[in-house]
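Inspection log for the structure reproduced underneath, given as structure tokens.
Residue numbering restarts at 1 for every chain, and letters A, B, ... go by the order of the sequence lines.
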2 protein chains.
Amino acid sequence: MKKKRTTIKDIANVLNISAAAVSKALHNDSRISERTKENVRQVAKNLHYQPNHLASALRSGKSNLVGVIVPRTNSNFFSSVIQNIEEVLNEKGYSIIITQSNESYDKECKSIDTLLYTQVDGIIASMANETVALSSYEKIKSKGIPLILFDRGENDLNVDYIGIDDYNSSHLIVEHLVKNGCQRIAHIGGYKRTRIYNNRIRGYVDALKKHKLPLDAELLTEGNLTIEDGRIKMTQLLSLKTRPDSVYVAGDYAALGALQVLKEHKIRIPEEISLVGFGNEPFTDMVTPKITSVDQHSAEIGKQAANTFLKYVENDSTEQRLNKIILAAELIVRDSSNKKTPL
Amino acid sequence: MKKKRTTIKDIANVLNISAAAVSKALHNDSRISERTKENVRQVAKNLHYQPNHLASALRSGKSNLVGVIVPRTNSNFFSSVIQNIEEVLNEKGYSIIITQSNESYDKECKSIDTLLYTQVDGIIASMANETVALSSYEKIKSKGIPLILFDRGENDLNVDYIGIDDYNSSHLIVEHLVKNGCQRIAHIGGYKRTRIYNNRIRGYVDALKKHKLPLDAELLTEGNLTIEDGRIKMTQLLSLKTRPDSVYVAGDYAALGALQVLKEHKIRIPEEISLVGFGNEPFTDMVTPKITSVDQHSAEIGKQAANTFLKYVENDSTEQRLNKIILAAELIVRDSSNKKTPL
DNA sequence: TATATTTGTTTAAACGTTTAAGCAAATATA
DNA sequence: TATATTTGCTTAAACGTTTAAACAAATATA
């Protein structure tokens, strides 16, 4: 059974002052005397007073809650982004509500509804793989609630976006592989409809051109980049008449699947086939051989996303518009592609 | 700039009925005519009405929000538990607020305050490694808010707990190692003050006794079970005059650290030293050799935790008391300890 | 036909805050 | 000393709901 909560009125009664005075004292209003403030703080402590967020949020129109939507928390990238968002926002008195879309468009819509219903002051999101329709996100904008996208974004929404330079990352990777003597570079990519994967594909294609390498359609695939997807695509690549001498996978999980298949086929890595992943998930450094990957600066992305949100609430007049922050990614070279490493 | 929200009153005005009628219509009250209900639904849709959670929660005293506190989301175990909690609770109209303690007692206290402030209807938590004082958790209880613990619990709080049988898991592991011919079994354990790790240690000690194996103090260590901790403890074990022939690590991350050290020392696994982890994190199946581990049934734990919470809100009279649900764990045997596997 | 019950609605208070406006007392300014 | 300003509070309304109580009209019961 619920115990009776202590309210601002209880404090007021004890001190024989008005509830308004108590409220102001607790907010350190300059028009309240030090003496009264001290008294209020004392009584509040004695009665174990805890402010009621619902009431204050309702009245003031500010919930101090920020919604975060990610495809899943179960990946180092996303959980690191979240942790950094939380750190920055907590500092400013905000709490975050995390929801997972599980890469499902349906779940994403539901999450958005829940967050709006909860009256969050803003939403920071990375879109599900499945998402193509934007009406749900438009709804957020139409309510005048700041929307910040990261990693998986969408130009057409005309909101802030923080991500890494996917196009250029592909260039880095191809360059690295070429330097290691690779000539026939395959790409296991994500779905083109997702902007970041599209950019990686474009970067891959352009980089091949730049290095005067032939572009072979059978070396370029699209998928959802799960471990299973990586296994399937790698198996396909191995069955080609002319196998690639290197594979650039647009996600670490798929890269892991590819690695498993290569090992099962007893193909030497990187001697016969070099492998590069994307995301710098911790396991890339744990498996044998360690997988070369691209670090996405998750901490920085989280901080920038949080700060972008804060920018809006601090001077609340600004209208939102397309504003991209693109961070340079970093190639972490490991055993799976570094032929010069002495064994 | 914030747009004006549609409220229940706006709908009432359009239809020339009272706000109360609208509220009841939306809640499908039996005393409202079908005709009015239909009208209300229609107008609500046209005006893009979205109920204000703050107002209804304030008035009804129910926020439909449940707080979840975990040491970190960045582990398969926790994120899987969370996902299952969310699934069960969403079904019943609850949303969850996830907070991470980062294994810090301080952060945990802050999280609890934030959750209470947000007026959550319940809290499902797994305690931080650091946590020894319980006053913060007592505060939850004293407010009459259901508190459910999982994995990392504490008897003294006298609340519901869902976890696996740690004591018996240790028996399973020791038994398995003995069957594989191991005689000198080391244990890299967690801190004894944390109940689950204490149980694993007790199980380890008792299992050694049961199998008439000598208990050697230098083979039993305590730590925080990070990768780094695993590295340190394994290095220590290797420097002993008589090395162990097998190591049971109470956490997968530490087991991974131990594995790294073993590989760096070119020690053959499992021939020279067998290795067993705990938690069945996905990477145990990714590394070489694959690490034997204990599955903790994260999905089941999440579901049970959520259902336990629901039990309280559905018949809200019940007082909370110590009530443990202990699930049997499952040993997943892999290469790191299975000497009978033909190479 | 008179009375009781059901149906469909309204009224008004309440949830716990915040805040604009008001006001008396104390202090500063002329 | 008279007036203006500042200080420290109070009053009352508001935020958007829910809900107990009231009530008129319609319908059922005797």
Side-chain angles (χ1 to χ4, degrees), chain A residues 2-41 43-44 47-65 93 116-121 143-144, chain B residues 2-41 43-44 47-65 93 116-121 143-144:
Chain A
K2 296 258 163 166
K3 278 81 170 180
K4 195 85 190 79
R5 317 189 84 259
T6 306
T7 76
I8 226 172
K9 280 187 184 172
D10 299 325
I11 301 177
N13 285 338
V14 171
L15 293 170
N16 252 310
I17 57 176
S18 72
V22 174
S23 171
K24 285 178 181 162
L26 290 171
H27 287 85
N28 208 21
D29 189 299
S30 64
R31 298 284 286 275
I32 299 291
S33 70
E34 258 325 309
R35 210 171 87 73
T36 305
K37 282 183 191 169
E38 200 39 64
N39 287 339
V40 167
R41 278 192 281 262
V43 175
L47 299 184
H48 301 107
Y49 171 70
Q50 272 231 307
N52 185 324
H53 163 257
L54 299 171
S56 64
L58 174 60
R59 174 58 232 244
S60 64
K62 276 207 62 195
S63 70
N64 282 311
L65 251 31
L116 290 177
Y117 173 59
T118 317
Q119 310 293 121
V120 292
D121 290 341
K143 303 239 177 221
Chain B
K2 296 258 159 161
K3 277 78 171 182
K4 194 83 190 79
R5 318 189 84 257
T6 305
T7 75
I8 227 172
K9 279 187 185 171
D10 299 325
I11 301 176
N13 286 339
V14 171
L15 293 169
N16 253 311
I17 57 176
S18 72
V22 175
S23 171
K24 287 180 180 160
L26 291 171
H27 286 85
N28 208 21
D29 189 299
S30 64
R31 297 284 287 273
I32 298 291
S33 70
E34 257 326 309
R35 210 170 87 73
T36 305
K37 282 183 191 169
E38 200 39 65
N39 286 339
V40 167
R41 278 193 281 262
V43 175
L47 300 184
H48 301 107
Y49 170 71
Q50 272 231 307
N52 185 324
H53 163 256
L54 298 173
S56 63
L58 174 61
R59 174 59 232 245
S60 63
K62 276 208 62 196
S63 69
N64 283 311
L65 251 31
L116 291 177
Y117 173 58
T118 317
Q119 311 293 123
V120 292
D121 290 341
K143 304 237 178 224

- [ ] Test A/Y49 against A/V43 for side chain to side chain contact (heavy atoms under 4.5 Å, CB included), laying out the working first.
- [x] CA-CA 8 Å; A/Y49 171 70; A/V43 175; over 6 Å; no

Task: Boundaries of the chain A footprint along DNA chain D (any atom under 4.0 Å from a heavy atom) - done: D/dT7 to D/dG16

- [ ] To the nearest Å, give me how far apart CZ (B/R31) and P (C/dT10) are.
- [x] 13 Å

Open item on the list: Counting only heavy atoms and a strict 4.0 angstrom limit, can you tell me which residues of residues 16-26 of chain A come near DNA chain C?
Closed with: A/A20, A/S23, A/K24

Open item on the list: Before you tell me yes or no, could you show the steps for B/V14 and B/L47 under side chain to side chain contact (heavy atoms under 4.5 Å, CB included), namely the whole-Å CA-CA distance, both residues' side-chain angles and the distance that decides it to 0.1 Å?
Closed with: CA-CA 10 Å; B/V14 171; B/L47 300 184; 4.3 Å; yes

Open item on the list: Both B/S60 and B/E34 contact DNA chain C. Which one's nearest nucleotide lies toward the 5' end?
Closed with: B/E34

Open item on the list: Is it the case that over 12 heavy atoms from other parts of the model lie below 6.0 angstrom from the NZ atom of A/K62?
Closed with: yes

Task: Distance-minimising heavy-atom pair for A/D121 and A/G61 - done: OD1-O, 4.3 Å

TODO: Compare every heavy atom of A/Y117 with every heavy atom of B/S56, then report the nearest pair and how far apart it is.
DONE: OG-OH, 3.9 Å

TODO: Give the angle between the helix axes at the two ends of the helix from C/dT1-D/dA30 to C/dA30-D/dT1, taking five base pairs at each end and rounding to 10°.
DONE: 40°

Open item on the list: Need one value for B/H53: base, sugar-phosphate or nothing, where a base atom within 4.0 Å counts as base even if backbone is also close, heavy atoms only.
Closed with: nothing

Task: Heavy-atom pair with the smallest gap, counting every atom of B/D10 and B/R5 - done: OD2-O, 3.7 Å

TODO: Could you tell me whether a side-chain N or O of B/T7 sits under 3.5 Å from a main-chain N or O of B/K9, the two making a donor and an acceptor?
DONE: yes

Open item on the list: Once rounded to the nearest 0.5 Å, what's the spacing between atom CG of B/L65 and atom NE2 of A/H53?
Closed with: 9.0 Å

- [ ] Identify which one of B/V40, B/D29, B/T36 satisfies the side-chain contact (heavy atoms from CB on, under 4.5 Å) criterion when paired with B/K24.
- [x] B/D29

Open item on the list: At less than 4.0 Å, is any side-chain N or O atom of B/S33 found next to OP1 or OP2 of C/dT7? Yes or no.
Closed with: no

Task: Verdict with supporting geometry, A/N52 and B/Q119, side chain to side chain contact (heavy atoms under 4.5 Å, CB included) - done: CA-CA 7 Å; A/N52 185 324; B/Q119 311 293 123; 3.5 Å; yes

